[in-house]
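Okay, so here's the structure we're looking at.
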Amino acid sequence: MPFSFFAAMYPTQYFRSIDSTNIKAKEIAEQGAISGSAVVAEYQTNGRGRLGKEWHSVKGKGLYCSIVVRPKIALEDYPKITLVAGLSVAMVLDRIIARNSQLKWPNDIYFRGRKVSGILTESSSLSSSSQDRYAVVGIGVNVHHLETDFPPELREMVTSLFLETGNKFVVEEIFQAVRQELLQQLQLFSTDGFQPLLCQWRKKDFLLGKEMECVSSAGKKIRGIGLGPDDQGQLHVRDTNGHIHEVLSGDVRLATS
Ligand code: BTN
């Protein structure tokens, strides 16, 4: 059973265990939940990642939350929410552990080349009217994970706030800070546009200038140098022939050899 209360004026539902906070947040968004409403869980039985992947949730060790947002931006700007969300989480984590994270397009957060947080943004259907429109920003942060909490095949690629610092954190405080930052940055998006946010995002670009592999918007596997996101938030990659490809979504990784 969830218990809910208005934290900092925003309705929040807390669960010990849930299938996925994104599923629940979409449910409440469809019922009209206000911007800033959130679902937080200590554990997810069916945590979901991007591209149909699983998000491994370790009981009580991470932040698993989904925040309903209804920014006053044009429909065609909705895909950019995902970059703004990554930037917002990165800013909070940097403040908390006094380090400089990096962002791997579209929205993974890295410390020392290892993933500490991932974001899955899901939007209302394209046919929703502007007043019903929403996005659910699902955020997973590895907070108190030890190396052995991760599946062996991931251990080299991931980290947690605890592994980075040796410190313990109050997960609820991280959640509140993330929600506040996300709503604030989305407010700036609606008043000042995407450019200032993109500028900050680019300073943290993990793939910029690096050799990487991905699937282009035309469905072609490409290898090339990361050029960073363009004004629409789409990643550009220059292949060995000098051709520039636009990546809309898909798996993006550093080239292995
Ligand atoms: C990714 O890295 O592929 C995105 C991971 C997103 C995980 C979070 S955890 C809270 C929320 N609920 C989910 O089912 N997924 C997101």
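Worth knowing before you read on, the calculation uses all heavy atoms, side chains too, and leaves out hydrogens, waters and symmetry mates.
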What do the steps show when you test Leu103 against Ile109 for side-chain contact (heavy atoms from CB on, under 4.5 Å), and what is the final call?
-> CA-CA 5 Å; Leu103 286 159; Ile109 296 145; 3.6 Å; yes
Consider only side-chain heavy atoms of I, L, V, M, F, W and Y, link residues closer than 4.5 Å, and tell whether [X] and [Y] are in one cluster.
| X | Y | result |
| --- | --- | --- |
| Tyr64 | Val141 | no |
| Val247 | Leu254 | yes |
| Ile174 | Trp55 | no |
| Ile139 | Leu197 | yes |
| Leu93 | Val158 | no |

Is there a donor-acceptor pair under 3.5 Å between the side chain of [X] and the backbone N or O of [Y]?
| X | Y | result |
| --- | --- | --- |
| Arg70 | Ile34 | no |
| His144 | Phe162 | no |
| Ser124 | Tyr134 | yes |
| Lys80 | Leu198 | no |
| Thr121 | Ile119 | no |
| Arg133 | Ala74 | no |

Is the number of heavy atoms from other residues, nucleotides or ligands within 6.0 Å of [atom1] ([X]) greater than 12?
| X | atom1 | value |
| --- | --- | --- |
| Arg253 | CZ | no |
| Lys203 | NZ | no |
| Leu126 | CG | no |
| Glu156 | CD | no |

Trace of the side-chain hydrogen bond (donor to acceptor under 3.5 Å, both in side chains) decision for Ser101 with Asp94 | CA-CA 6 Å; Ser101 60; Asp94 287 3; 2.8 Å; yes
Can you find a side-chain donor-acceptor pair between [X] and [Y] that sits under 3.5 Å?
| X | Y | answer |
| --- | --- | --- |
| Glu172 | Gln176 | yes |
| Glu42 | Tyr14 | no |
| Asn22 | Ser66 | yes |

I need the minimum non-hydrogen distance between [X] and [Y], along with the two atoms involved.
| X | Y | result |
| --- | --- | --- |
| Thr165 | Leu161 | OG1-O, 2.8 Å |
| Pro229 | Leu83 | CB-CD1, 4.4 Å |
| Cys214 | Val237 | SG-CG2, 3.9 Å |
| Ser20 | Arg48 | OG-NE, 4.0 Å |
| Arg238 | Ile244 | CG-CG1, 4.1 Å |
| Phe169 | Ile96 | CE2-CG2, 3.4 Å |

In Å, rounded to the nearest 0.5 Å, how long is the span from [atom1] of [X] to [atom2] of [Y]?
| X | Y | atom1 | atom2 | answer |
| --- | --- | --- | --- | --- |
| Leu154 | Glu147 | CG | CD | 11.5 Å |
| Phe175 | Leu63 | CZ | CG | 7.5 Å |
| Thr45 | Ile18 | OG1 | CD1 | 8.5 Å |
| Lys59 | Arg16 | NZ | CZ | 9.5 Å |
| Leu207 | Ile225 | CG | CD1 | 10.5 Å |
| Gln44 | Lys24 | CD | NZ | 13.5 Å |

Only counting residues at least two apart or in another chain, list the ones meeting side-chain contact (heavy atoms from CB on, under 4.5 Å) with Asp230.
->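 If we apply the side-chain contact (heavy atoms from CB on, under 4.5 Å) test to Asp230, skipping adjacent residues, the hits are Gln232, Gln234, His236, Glu246.
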Who are the side-chain contact (heavy atoms from CB on, under 4.5 Å) partners of Ile73, not counting sequence neighbours?
->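 Partners of Ile73 by the side-chain contact (heavy atoms from CB on, under 4.5 Å) criterion, ordered by chain and then number, come out as Pro71, Asp77, Tyr78, Ile81, Phe189, Ser190.
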Do [X] and [Y] make a side-chain contact, defined as non-hydrogen atoms from C-beta onward lying under 4.5 Å apart?
| X | Y | value |
| --- | --- | --- |
| Leu163 | Arg114 | no |
| Ile97 | Phe111 | yes |
| Ser37 | Ile28 | yes |
| Gln185 | Leu188 | yes |

Please test Tyr110 against Thr159 for side-chain contact (heavy atoms from CB on, under 4.5 Å), starting from the C-alpha separation and ending with a verdict.
-> CA-CA 8 Å; Tyr110 276 57; Thr159 188; over 6 Å; no
Please test Met212 against Leu235 for side-chain contact (heavy atoms from CB on, under 4.5 Å), starting from the C-alpha separation and ending with a verdict.
-> CA-CA 12 Å; Met212 50 169 288; Leu235 179 64; 3.7 Å; yes
Please find out if less than 6.0 Å separates the ring center of His145 from that of Phe150.
->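 That pair passes the under 6.0 Å test.
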Start with the C-alpha gap between Val178 and Ser88, add the side-chain angles, then the distance that decides, and say whether side-chain contact (heavy atoms from CB on, under 4.5 Å) holds.
-> CA-CA 7 Å; Val178 162; Ser88 307; over 6 Å; no
Indicate yes or no: does Arg112 engage Glu164 in a salt bridge with an N to O separation below 4.0 Å.
->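 Yes, this pair counts.
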Hey, are Glu211 and Arg223 close enough for a salt bridge, meaning a charged N less than 4.0 Å from a carboxylate O?
->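 Looking at Glu211 and Arg223, the cut-off is met.
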For Val58, which of Val143, Asp149, Asn142 qualifies under side chain to side chain contact (heavy atoms under 4.5 Å, CB included)?
->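 So, applying the side chain to side chain contact (heavy atoms under 4.5 Å, CB included) to Val58 and each of Val143, Asp149, Asn142, only Asp149 qualifies.
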Option from Lys115, Arg50, Gln102 for which side chain to side chain donor-acceptor pair (under 3.5 Å) with Asp108 holds |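 In the set Lys115, Arg50, Gln102, the residue that makes a side chain to side chain donor-acceptor pair (under 3.5 Å) with Asp108 is Lys115.
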